[in-house]
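Just so you know, these numbers come straight off a predicted model, no measurement behind them.
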Amino acid sequence: AKAFSIRGRDTMIYATVIVCKLAMGLPDCILLSDNRGPYNAIEHCISRTEQMQQDALQVLPKYKVAETNCISEKGGKYGTKRFPSSTHSV
């Protein structure tokens, strides 16, 4: 896959979603990693996190989405509209 440039650096972007539920008063969270990426455009990653959220909530109906991230190879995170506080810009 062709990488795109972020501030002059080529990189790939990975989609992740964290879902949580309360179990005996304590949070029980699962980190879901995308098995289709990485992506070379932030728009593709954000679209994929939306698909992952829908799929996760169908499979894990007692869980709620706590965080979504698009993370570059270089360690930068990109915000999503639904969970802007869970990410920061590069």
Side-chain angles (χ1 to χ4, degrees):
K2 184 182 175 199
F4 80 110
S5 182
I6 302 172
R7 292 192 186 161
R9 298 181 182 176
D10 290 339
T11 191
M12 297 299 292
I13 302 172
Y14 300 84
T16 64
V17 173
I18 298 174
V19 294
C20 299
K21 72 173 182 175
L22 285 180
M24 295 189 195
L26 299 172
D28 175 21
C29 298
I30 302 171
L31 170 66
L32 305 172
S33 296
D34 181 26
N35 61 359
R36 295 184 186 172
Y39 302 94
N40 60 357
I42 189 65
E43 295 82 7
H44 296 152
C45 181
I46 290 171
S47 175
R48 181 62 180 138
T49 62
E50 291 168 359
Q51 293 171 349
M52 291 170 65
Q53 289 175 59
Q54 292 173 5
D55 293 345
L57 297 178
Q58 285 181 350
V59 175
L60 304 164
K62 293 183 180 181
Y63 285 75
K64 300 219 182 274
V65 176
E67 185 173 313
T68 64
N69 290 302
C70 289
I71 304 169
S72 74
E73 294 175 323
K74 310 286 186 199
K77 290 184 181 181
Y78 302 84
T80 62
K81 289 181 182 177
R82 185 167 175 203
F83 298 97
S85 64
S86 68
T87 59
H88 62 276
S89 62
V90 181

Pairs involving residues 17-29, ordered by first then second residue, that meet salt bridge (Lys or Arg N to Asp or Glu O under 4.0 Å) (sequence neighbours left out): none
Listed once per pair and sorted, the salt bridge (Lys or Arg N to Asp or Glu O under 4.0 Å) pairs that draw on residues 34-50, sequence neighbours left out: Asp34-Arg48
Taking atom [atom1] of [X] and atom [atom2] of [Y], what is their separation to the nearest 0.5 Å?
X     : Y     : atom1 : atom2 : answer
Tyr14 : Ser33 : OH    : OG    : 11.0 Å
Thr49 : Tyr39 : OG1   : OH    : 9.5 Å
His44 : Cys70 : NE2   : SG    : 11.5 Å

Transitive ILVMFWY cluster of Leu31, excluding itself - 4.5 Å side-chain cut-off: Ile18
Residue list, side chain to side chain contact (heavy atoms under 4.5 Å, CB included) with Ile30, at least two apart or on another chain: Val19, Leu32, Leu60, Tyr63
Between Gln53 and Asp55: side-chain donor-acceptor atoms closer than 3.5 Å: no
Verdict with reasoning, Val17 to Glu67, per side-chain contact (heavy atoms from CB on, under 4.5 Å): CA-CA 6 Å; Val17 173; Glu67 185 173 313; over 6 Å; no
Ile13/Ile42 under side-chain contact (heavy atoms from CB on, under 4.5 Å): CA gap, chis, key distance, verdict: CA-CA 7 Å; Ile13 302 172; Ile42 189 65; 4.1 Å; yes
Single-linkage hydrophobic cluster, 4.5 Å side-chain cutoff, Leu22 and Leu26 together: no
